[in-house]
Amino acid sequence: MDKVVRAPAGAVADIPDAASLAVGGFGLSGVPNVLIAALYAQGATALSVVSNNCGVDGGGLGVLLAAGRIARVTGSYIGTNREFARQYLGGELEVELVPQGTLAERLRAGGCGIPAFYTPAGVGTQVADGGLPLRYGADGRVAVASPPKEVREFAGREHVLEHGITTDFALVRAWKGDRHGNLVFRRAARNFNPLAAMAGRVTVAEVEHLVEPGDLDPDGVHVPGVFVQRVVPLTPTQAVDKAIEKRTVRVEER
């Protein structure tokens, strides 16, 4: 039951080329940066990543992206990551854009063993009708487009069929975790982390505070240990190393 792996390198050592990864985080909040850095050093490439976004230039998953290690992204937001946009529009990267709530539910469904579900989100758009650019060619034209999805009517309203997502591995960051893999997330860092943790067949969690079994209130556990296979305790320096994506300051009154 002791799932602690002290070295981040050892926790990601068996992630192979072309593996699929669910990665927690939203912007730069709750991103498993230590595990991403360890995976970068490990050298796995041609990865398929499922995450809300793909980090920023030089941060989060953007580190793997800039190194050419990611072949496919399933996500909701390209954002201000210029390298992400460049690779996508240049035909170097396949991207499946998914409505944010649908992406969250696809991860949750996969983790719960639900193969597919219907949602009204996307009906009447290219999400349902097909034609979203998955990959561009070198000439700027769409080389691969998304296929149409099944649409059915329930209670007089149309819904599109979406499939649950499971991945080979998941990388997440938690505020607290015990040796059995039970995880607690803090405030905004909770975001996609519990969903990613559920979707991975092998889930690796970096935790800011490692506690002993029994120290966590069972009612406060966000992800039970059954979903987590490896726990990597962070050093105090790693735990407090948190970037701010957009710094906003108040104008000083004079």
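Positions are given from 1, in the same order as the sequence printed here.
Ring geometry for F26 versus F192: interplanar angle under 30°, hence parallel rather than tilted (30 to 60°).
The shortest non-hydrogen separation linking Y136 to Y88 is CD1-O, 3.4 Å. In plain terms, the two heavy atoms of F227 and G111 that are nearest each other are CE2-O, 3.6 Å.
Taking the ring axis of Y40 as reference, the NZ or CZ atom of R69 stays within 45° of it and closer than 6.0 Å to the ring centre.
With respect to the salt-bridge test (charged N to carboxylate O, under 4.0 angstrom), the residues R72 and E96 qualify. Electrostatic pairing of R230 and D14 counts as a salt bridge here, judged by a charged N lying under 4.0 Å from a carboxylate O.
Under a 3.5 Å cut-off, the side chain of S51 and the backbone N or O of C54 do not form any donor-acceptor pair. A donor-acceptor pair under 3.5 Å is formed between the side chain of Q42 and the backbone N or O of A13. With hydrogens and angles disregarded, no donor-acceptor distance shorter than 3.5 Å links the side chain of R186 to the backbone of W175. Under the 3.5 Å distance criterion, the side-chain polar atoms of S76 are matched with a main-chain donor or acceptor of V98. Side-chain atoms of E94 never come within 3.5 Å of backbone atoms of A71 as a donor-acceptor pair (strictly under, hydrogens ignored). A donor-acceptor pair under 3.5 Å is absent between the side-chain atoms of T74 and the main chain of V50, judged by distance alone. Listed for the D178 side chain is no donor-acceptor partner under 3.5 Å among the backbone atoms of E212.
Under the 4.5 Å side-chain contact rule for hydrophobic residues, V49 and V12 share a cluster.
For the side chain to side chain contact (heavy atoms under 4.5 Å, CB included) criterion with V172, the lone passing option out of V204, V223, N193 is N193.
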